[in-house]
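In what follows, every chain begins at residue 1, and chains take the letters A, B, ... in the order their sequences are listed.
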Amino acid sequence: MSQITLTFPDGNARQVPAGITPAEIAADISKSLSKKAISAQVNGAHWDLAWPIDADASIAINTMADENPALELIRHDLAHVMARAVQEIWPDVKVTIGPVRDFGWFYDFDRAEPFTPEDLGEIEARMKRIIAARDPVRTEVWPRDKARAHYEAAGEPFKVELLDRIPGDEPIRMYWHGDWQDLCRGPHLQHTGQIPADAFKLTRVSAAYWLGDNTRPQLQRIYGIAFRNRDDLKAHLKFLEEAEARDHRRLGREMDLYHMQEEAPGQVFWHPNGWTIYTTLQDYMRRKQRADGYVEVNTPQVVDRALWEKSGHWDKYQEHMFIVEVDEEHAREKAINALKPMNCPCHVQVYNSGLKSYRDLPLRMAEFGSCSRYEPSGALHGIMRVRGFTQDDAHIFCTEDQIEAECAKFITFLDSVYKDLGFDSFEIAFATRPEKRVGSDEAWDHVEGALESAIKSVGAPYRIEEGDGAFYGPKLDFYLTDAIGRVWQCGTFQVDPNLPERLGATYIGEDGNKHRPYMLHRACLGSFERFIGILIENSSGKLPFWLAPRQVVVASIVSDADDYVGEVVAALTKAGVRAEADIRNEKINYKVREHSLGKVPVILAIGKKEVEDRTVTLRRLGEKATQVIALDEVTAALGAEATPPDLS
RNA sequence: GCUGCUGUAGCUCAGAGGUAGAGCACUCCCUUGGUAAGGGAGAGGUCGAGAGUUCAAUUCUCUCCAGCAGCACCA
């Protein structure tokens, strides 16, 4: 038998017979490793202990102490155990696929009746029995024909389809958990008893399309979460609770920010508190943009279909547009309009009015543009995904040579905005030319090169998303990570030679001839609605002082303090602080509780002592400690704190 | 849009084939209390909308609307 060389993590190499398995290697190293081993990394690939190694390779043996492989195996084996449990209980249910995902796994089943929450309990109990049985896991590679015949005989059409989708050069691998068999890429554990029985939970059922395709049948999906031990599971359940507690829909109600109602699905009724956040943020963005060389415009909401036909939206996006038909009494024909779903065509109209010279470029045209999109009902989510929203939109009209500098300028701008709003870092996804595209390869080379060197010039981290660009140009998407690790796409930067072409935008060049400008679509927050939702969830409602809708409540302890409370509120208001009096006939405990729940960042309590000394007792949200401060001092300090970051 | 679940007072929820209840919030009264709920009284509902079954529907059935979770979508 031929020999191969395996290299271990410590650098030692060893000659072994070809075809040896990691299990055999672990057994050879030590009895305890053999017992603890769960899988291996072979040339970096996750490797089943039972798979033979045929060529020289680097190898490392994994144990439960290796978090990533351990979690992958636990979750993947649980997917199989769950599918087995389901088929044991309901033998006619067809199985499909069950991948590992964040924090757990899911498995899709074909079954006429959806699973109920009670079913989940039964499945979970059955799974625990399978784990307790410590059933061995084994694997075999089958010829394609044999596997196909097997699944056809077993009446598992989805498995047959999966088989046909496995590329010809990949082995067809079968796994058994006890007697229950599944087609699976692997790797897996060695027996079901290795799965921690107290560290998983089935969380929910839902429908999902076969292969994610909404023209294919819907399947019943069961989700589970799993960890290496009970404590990790508990920690994750706590995390889910925490995420729910900071849900902007709940905080929006508790802080009295906005409401939504049936008559206007997907649209926001902003209350005074929420609108204060909105306008404060908008004022800030307006100052930032002005400082960065943007001009601001405003364009119509209701626009005749003719413009949308020219821009191409009527053709491609009509089902997402609110159509407005106006049938005037004496009109010869109905006017058909659409609420604008985006601002770009209107901005080109502004650009086109009057001749533009190369001296006007780059022209940075901004609008807090209210847009309406008929989003699918199932997509609506609080103020995060709505049908009526306002973008912090801008279009930069420029020459090809100006793209790089404009891109770098924008990334710098966005970086400073995100920092001011409490996000210290962001990631860029650079989407490059798709297969179906317009424009020459040279043009694409040039524009993509401009974007990439712009990113590099500002030193921002980025990843490339090959083929994900628009058909007319590449784009950058900017992702923020919030306080509990969720990722949000907010900013975008897109190069577009197409719309200027369609809508006939030109400028007079140095040579006296007409030229076509590029149009750069860019947004930093995305939409105010969504970004405010993100801000709320990121901060759990404890917004930075300058953005907090209610900044200070001045609360009386005794009614003798009422006049002085009024004086304090007036002084704070004069200093630019949003302050309000609470002189209700309630105990200070009650007031503190209520305003704490309302996420008011500062409570100033006023009793007899404060009146006499002309001081206040300050308490910050979330802190128990209080401090006594002179009125002049607190007014100056809070006034400074209320100043937006770009002005301080 | 698809699948499932849900819709009762401002909020969180109970309830039942014979037209409704709790806690909190709200209003009034008592209480002037020192940092996360002081006490009492009162007011408040076309039970999401429409149709059907029934002597009788908020309750059962159907359709629609909206919300929630997931999927699909996000120009």
Side-chain angles (χ1 to χ4, degrees), chain A residues 101 106 108 111-117 119 203-223 244 247 249-250 253-254 256 259-266 308 311-321 341-342 344-345 371 373-382 384-387 389 470-472 475 477 489 492 494 496 498-499 521 526-527 530 553 555-562 583-598 600 603-610 617-628:
Chain A
R101 67 195 286 272
F106 64 78
D108 288 346
R111 180 186 191 227
E113 292 287 299
F115 295 100
T116 65
D119 291 341
T203 49
R204 61 167 65 97
V205 291
S206 77
Y209 298 104
W210 169 235
L211 301 174
D213 180 344
N214 65 3
T215 64
R216 305 298 303 272
Q218 275 203 336
L219 306 168
Q220 302 301 325
R221 177 172 293 180
I222 303 180
Y223 289 90
E244 197 190 321
D247 189 310
R249 292 166 299 184
R250 175 172 164 168
R253 192 172 53 240
E254 288 173 0
D256 194 18
H259 85 271
M260 301 174 101
Q261 63 187 52
E262 260 191 54
E263 288 80 355
W308 305 115
S311 70
H313 292 101
W314 191 262
D315 240 22
K316 285 180 84 174
Y317 305 115
Q318 201 184 141
E319 73 273 31
H320 295 294
M321 290 163 71
M342 47 185 32
C344 0
C371 298
R373 297 181 186 174
Y374 194 79
E375 300 286 6
S377 56
L380 303 178
H381 180 84
M384 298 281 215
R385 186 84 180 270
V386 285
R387 288 182 175 156
F389 57 94
F471 70 90
Y472 47 73
K475 66 170 179 175
D477 281 328
Q489 193 242 309
T492 186
Q494 197 168 329
D496 181 8
N498 180 59
L499 203 57
H521 308 256
S527 88
R530 185 173 134 93
V553 168
S556 60
I557 296 170
V558 291
S559 53
D560 285 347
D562 290 359
I583 54 171
R584 291 175 304 169
N585 177 13
E586 296 291 352
K587 294 200 163 149
I588 191 67
N589 293 5
Y590 183 91
K591 296 182 182 181
V592 165
R593 174 181 155 82
E594 187 177 285
H595 301 307
S596 297
L597 289 173
V600 177
I603 297 172
L604 301 180
I606 311 286
K608 285 202 184 85
K609 278 183 288 181
E610 288 79 3
T617 297
L618 180 149
R619 176 189 165 121
R620 298 233 173 221
L621 180 58
E623 290 174 19
K624 268 202 129 56
T626 59
Q627 60 182 128
V628 179

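- In this structure, A/Ile222 atom CD1 and B/rA69 atom P are separated by 20 Å, rounded to whole Å.
- Between B/rA25 and A/Tyr590, a contact under 4.0 Å exists linking OP1 or OP2 to a side-chain N or O.
- Among the nucleotides B/rA75, B/rU32, B/rG34, the one closest to any side-chain atom of A/Val558 is B/rU32.
- Using a distance-only test at 3.5 Å, with no hydrogens or angles considered, a donor-acceptor pair links the side chain of A/Ser527 to the main chain of A/Arg530.
- Look at CD1 on A/Ile603: it is 16 Å from P on B/rG34, rounded to the nearest Å.
- Residue A/Lys587 places none of its side-chain N or O atoms closer than 4.0 Å to OP1 or OP2 of B/rA37.
- You'll find that the side chain of A/Arg584 is closest to B/rC26, out of B/rC26, B/rA72, B/rC71.
- Base pairing of B/rU35 is not made with any nucleotide, judged by Watson-Crick or G-U wobble geometry with both donor-acceptor distances under 3.5 Å.
- The C1' atoms of B/rC13 and B/rU6 are separated by 13 Å, rounded to the nearest whole Å.
- In this structure a side-chain-to-backbone donor-acceptor pair under 3.5 Å is present from A/Thr203 to A/Tyr223.
- The pairing partner recorded for B/rC60 is B/rG52, the criterion being a Watson-Crick or G-U wobble arrangement whose two distances lie under 3.5 angstrom.
- The side chain of A/Leu380 sits closest to B/rG67 out of B/rG67, B/rG7, B/rA36.
- Base-pair partner of B/rA72: not found among the strands shown (Watson-Crick or G-U wobble, both distances under 3.5 Å).
- Between the P atoms of B/rA22 and B/rG44, the separation comes to 13 Å (whole Å).
- Side-chain proximity of A/Pro265 to B/rC26, B/rA66, B/rG70: nearest is B/rA66.
- A/Ile603 is not listed as a side-chain neighbour of A/Lys591, based on a closest heavy-atom distance of 4.5 Å or more.
- Checked by distance alone, A/Gln218 brings a side-chain donor or acceptor within 3.5 Å of a matching partner on the base of B/rC2.
- With the nearest nucleotide of RNA chain B identified for both A/Leu597 and A/Arg221, A/Leu597 has the one nearer the 5' end.
- For A/Tyr209 against B/rG1, a side-chain N or O and a base N or O form a donor-acceptor pair under 3.5 Å.
- In this model, no side-chain donor or acceptor of A/Glu375 finds a partner on the base of B/rG1 within 3.5 Å.
- Rounded to whole angstrom, the span from the CD atom of A/Glu610 across to the C1' atom of B/rU35 amounts to 11 Å.
- Interface remark: the A/Ser559 side chain does form a donor-acceptor pair with the B/rU32 base, using a distance-only criterion of under 3.5 Å.
- Here A/Ser377 reaches the OP1 or OP2 of B/rG1: one of its side-chain N or O atoms lies under 4.0 Å away.
- Atom CD of A/Glu113 is separated from atom C1' of B/rC5 by 15 Å (rounded to the nearest Å).
- Here the nucleotide nearest the side chain of A/Val592, chosen from B/rU35, B/rG70, B/rG67, is B/rU35.
- Residue A/Ile606 contributes atom CD1, which lies 13 Å from atom C1' of B/rU35 at whole-angstrom precision.
- The interatomic distance linking A/Glu623 (CD) with B/rU35 (P) rounds to 16 Å, in whole Å.
- Taking only side-chain nitrogens and oxygens, A/Arg216 never comes nearer than 4.0 Å to OP1 or OP2 of B/rC71.
- Note: A/Tyr472 and A/His521 have tilted aromatic rings, judged against thresholds of 30 and 60 degrees for the angle between ring planes.
- To the nearest whole angstrom, the two C1' atoms, one in B/rG15 and one in B/rG7, are 15 Å apart.
- Nucleotides B/rC47 and B/rC55 place their P atoms 23 Å apart, quoted to the nearest Å.
- Under the Watson-Crick or G-U wobble criterion, with both distances below 3.5 Å, B/rA66 is paired with B/rU6.
- Spacing of C1' atoms, B/rA9 relative to B/rC62, comes out at 29 Å, to the nearest Å.
- The shortest side-chain heavy-atom distance between A/Arg619 and A/His595 does not fall under the 4.5 Å cut-off.
- Neither OP1 nor OP2 of B/rG4 sits under 4.0 Å from any side-chain N or O of A/Arg204.
- At least one side-chain heavy atom of A/His381 sits under 4.5 Å from a side-chain heavy atom of A/Arg249.
- When each of A/Met342 and A/Leu618 is assigned the nucleotide of RNA chain B with its nearest heavy atom, A/Leu618 is the one assigned upstream, toward the 5' end.
- Closest to the side chain of A/His320, out of B/rU12, B/rG67, B/rC73, is B/rC73.
- Residue side chain A/Thr617 reaches the base of B/rG34 through a donor-acceptor N/O pair under 3.5 Å, judged by distance alone.
- At a threshold of 4.0 angstrom between heavy atoms, the contacts of A/Phe106 with the nucleic acid are absent.
- Residue contacts for A/Arg250: at a heavy-atom cut-off of 4.0 Å it reaches no nucleic acid atom on any strand shown.
- When each of B/rC74, B/rC71, B/rA37 is scored by its nearest atom to the side-chain atoms of A/Arg373, the top-ranked nucleotide is B/rC74.
- Contact of the A/His313 side chain with the A/His320 side chain is not registered, since no non-hydrogen atoms from C-beta on lie closer than 4.5 Å.
- Residues A/Gln318 and A/Pro341 are not in side-chain contact: their nearest non-hydrogen atoms beyond the backbone lie 4.5 Å or more apart.
- Within the 4.0 angstrom heavy-atom criterion, base atoms lie near A/Pro376.
- At least one side-chain heavy atom of A/Met260 sits under 4.5 Å from a side-chain heavy atom of A/Val386.
- Which of B/rG4, B/rG38, B/rG70 sits closest to the side chain of A/Glu586 comes down to B/rG38.
- Nucleotide B/rA22 has B/rU12 as its partner under the Watson-Crick or G-U criteria, with both atom distances under 3.5 Å.
- Distances from the side chain of A/Asn214 to the nucleotides B/rA72, B/rU35, B/rC68 place B/rA72 closest.
- Under 4.0 angstrom from either OP1 or OP2 of B/rG10 there lies no side-chain N or O belonging to A/His259.
- Following rounding to the nearest Å, A/His381 (NE2) and B/rC73 (P) show an atom-to-atom distance of 18 Å.
- Comparing B/rU3, B/rA69, B/rC71 by their nearest atom to the side chain of A/Ala207 picks out B/rU3.
- Using a 4.0 Å heavy-atom cutoff across all strands shown, A/Lys624 reaches sugar-phosphate atoms only and no base atom.
- Using a 4.0 Å heavy-atom criterion, one finds that A/Gly312 contacts no nucleic acid atom at all.
- B/rG1 and B/rU53 are spaced 32 Å apart, taking the C1' atom of each and rounding to whole Å.
- Comparing B/rA75 with B/rC5, their C1' atoms sit 32 Å apart, to the nearest whole Å.
- What separates CG of A/Asp108 from P of B/rG70 is a distance of 15 Å, to the nearest Å.
- When the P atom is used for both B/rG52 and B/rA56, the distance is 12 Å, rounded to whole Å.
- Base pairing analysis places B/rU27 opposite B/rA41; the two distances defining the Watson-Crick or G-U wobble pair are each below 3.5 Å.
- Judged by atom type and distance alone, A/Arg385 reaches the base of B/rC74 through a side-chain donor-acceptor pair under 3.5 Å.
- Side-chain contact between A/Thr116 and A/Glu113 is absent, with no heavy atoms from C-beta onward closer than 4.5 Å.
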